[in-house]
Q: 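First, the structure itself, so that you have it in front of you.
Only a predicted model underlies this, so the values are computations on that prediction, with no experimental measurement involved. The analysis underlying the following values was restricted to heavy atoms, covering all of them including side chains, and did not include hydrogens, waters or symmetry mates. Sequence lines set the chain letters: A, B, ... in the order given, protein chains first and strands last, and positions in each chain run from 1.
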Amino acid sequence: MQLKILTFAQTRTQLGFSECSVEYAPTDTPRAILRRLAPDFDPGRTVRVAVDLEYADWDQPVGVATELALIPPVSGG
Amino acid sequence: MQLKILTFAQTRTQLGFSECSVEYAPTDTPRAILRRLAPDFDPGRTVRVAVDLEYADWDQPVGVATELALIPPVSGG
Amino acid sequence: METHIEFTRSRIVPSETPLPHREVGAQVDFLGIVRELENGAAIPGLHYDAYETMARLQLGKILTELATAHPCVAVWFVHRLGFVPVGEASLFVRALARHRREALEMTTLLVERLKAEVPIWKLPPA
Amino acid sequence: METHIEFTRSRIVPSETPLPHREVGAQVDFLGIVRELENGAAIPGLHYDAYETMARLQLGKILTELATAHPCVAVWFVHRLGFVPVGEASLFVRALARHRREALEMTTLLVERLKAEVPIWKLPPA
């Protein structure tokens, strides 16, 4: 199964892509998916993850999903 | 000495004038001045008094002043 | 803090004002609008009256006080007097500040103080 | 509550909107404006980017939540994306309500929640 990965702001610079697709299983956690894609990238405590447009837990299985996004600290307004 | 008396909103309706001049002494209180002018009018607890554009005490001498105004509950905005 | 206090008998039309400098980060505009129902009855509008000299003085003092805790770059205050039809503004406040909190707090507190202390009255429809 | 969420790459120009009905008593407009100094250095402007699909969804949920405690008649939210020069607005919020408190609270809280939760970023000048 394919999952679209999106990056924004500094995570885009750090990972070097804005969008890509990866193979995943619904039992994978966001952290595991990201580690396979970018073993050296650590989201730390400030980068959140969103699954299908909702904030999600880095360590809970993604389930059946189409889009995972890295959300660095937001600064709109 | 002359003091200008101003009324607004319902105090204008109740007293029947918008402006008049009265003789006063600086030792007079606003309450005494008003009582001489309109013996039947009671400001009660809701009508405030202003002396020379500042809220004043009904029972403190007005001092040397030019203008005394009755300020019923305000409702601007 | 630059302030502007105005009473007008004309319709209030907020216009874009040039920013006084390049460090303004927030603008808040407040319009108080006459509603159709006053104590449950439909009205065509309201009459407003003011003790204008005192209102100006008290507004100036309120603005000076509020500026201590909520410093803004500029504040405009415009109150319409005379007849104001339903759907039109009786009050316009604009606050410009470096940060949003000052502008929002200034606007909120200025309107609160206005309604408690400033000698302006809406008169019952005749 | 009528809501309108928009992202635009053009200059934000708040226009007078017709009131949806005659019981609107307060209109609050908030403009967030790009300031010249960013971390002490003068900049020509800022770039904004958004995860627009998620931002729309989250803003809709925030508005629904806020409407419970602060019911408004209508709320507009417009965020500019791309380059925004100093002195121009990156954000516009308009809240119409029966009473001023709802409109002021809605505006204040919507901007707070935006800044904490909604996936929009200002990007450092290149």
Side-chain angles (χ1 to χ4, degrees), chain A residues 1-22 24 26 28-34 37-38 41-77, chain D residues 5-9 12 29-35 38-39 43 45-65 77-82 84 88-93 107-126:
Chain A
M1 291 169 84
Q2 291 275 315
L3 186 65
K4 184 156 67 166
I5 312 286
L6 302 174
T7 64
F8 294 94
Q10 57 266 45
T11 61
R12 185 170 295 177
T13 316
Q14 289 159 342
L15 287 163
F17 66 88
S18 60
E19 188 177 326
C20 73
S21 275
V22 299
Y24 84 107
D28 289 343
T29 66
R31 194 180 302 282
I33 292 167
L34 183 64
L37 180 67
F41 180 80
D42 175 10
R45 292 178 170 207
T46 60
V47 176
R48 286 185 278 184
V49 65
V51 175
D52 286 352
L53 312 183
E54 295 285 2
Y55 286 111
D57 193 310
W58 278 109
D59 297 308
Q60 293 290 320
V62 292
V64 175
T66 61
E67 201 167 285
L68 181 155
L70 302 189
I71 312 285
V74 301
S75 52
Chain D
I5 297 170
E6 182 185 340
F7 291 89
T8 177
R9 295 188 168 259
I12 295 173
D29 281 5
F30 176 87
L31 286 170
I33 299 163
V34 175
R35 293 188 294 148
E38 181 77 3
N39 302 321
I43 52 164
L46 288 169
H47 281 272
Y48 282 89
D49 192 18
Y51 182 14
E52 208 179 309
T53 47
M54 180 173 169
R56 282 180 184 276
L57 182 75
Q58 298 302 324
L59 283 164
K61 293 170 88 166
I62 290 167
L63 285 167
T64 302
E65 270 180 59
F77 173 98
V78 183
H79 205 297
R80 187 163 166 188
L81 300 179
V84 185
E88 296 191 10
S90 50
L91 172 64
F92 171 60
V93 171
T107 303
T108 301
L109 295 173
L110 179 56
V111 179
E112 298 287 338
R113 299 277 303 260
L114 164 75
K115 287 179 177 271
E117 299 168 40
V118 179
I120 302 174
W121 297 271
K122 55 179 177 193
L123 306 179

Q: For D:A50, is it the side chain, the backbone, both or neither that has a heavy atom under 4.5 Å from a heavy atom of chain A?
A: backbone
Q: Taking atom OG1 of A:T46 and atom CD of A:Q10, what is their separation to the nearest 0.5 Å?
A: 7.0 Å
Q: Of A:I5, A:L6, A:T7, which meets side-chain contact (heavy atoms from CB on, under 4.5 Å) against A:C20?
A: A:I5
Q: Select, from A:A9, A:S75, A:A50, the one with the greatest count of heavy-atom pairs under 4.5 Å involving chain D.
A: A:S75
Q: Using heavy-atom distances under 4.5 Å, tell me whether D:V118 contacts chain A through its side chain, its backbone, both, or neither.
A: backbone
Q: Under 4.5 Å heavy-atom distance to chain A, tell me which part of D:L114 shows up: side chain, backbone, both or neither.
A: both
Q: Could you look at D:A55 and say if it's the side chain, the backbone, both or neither that has a heavy atom under 4.5 Å from chain A?
A: neither
Q: Taking every heavy-atom pair that is under 4.5 Å apart, which of A:G76, A:P73, A:A69 has the most such pairs with chain D?
A: A:G76
Q: Can you tell which part of D:Y48 gets under 4.5 Å to a heavy atom of chain A, answering side chain, backbone, both or neither?
A: side chain
Q: Search all heavy atoms of D:R9 against all heavy atoms of D:G82 and return the closest pair with its distance.
A: NH1-CA, 3.6 Å
Q: Quick check for you: to the nearest 0.5 Å, what is the distance between D:I12 atom CD1 and D:L91 atom CG?
A: 6.5 Å
Q: Of the options D:E52, D:Q58, D:M54, which is the one that meets D:R56 in a side-chain contact (heavy atoms from CB on, under 4.5 Å)?
A: D:E52
Q: For the atom pair CG (A:L53) and CD (A:E67), what is the distance rounded to the nearest 0.5 Å?
A: 6.0 Å
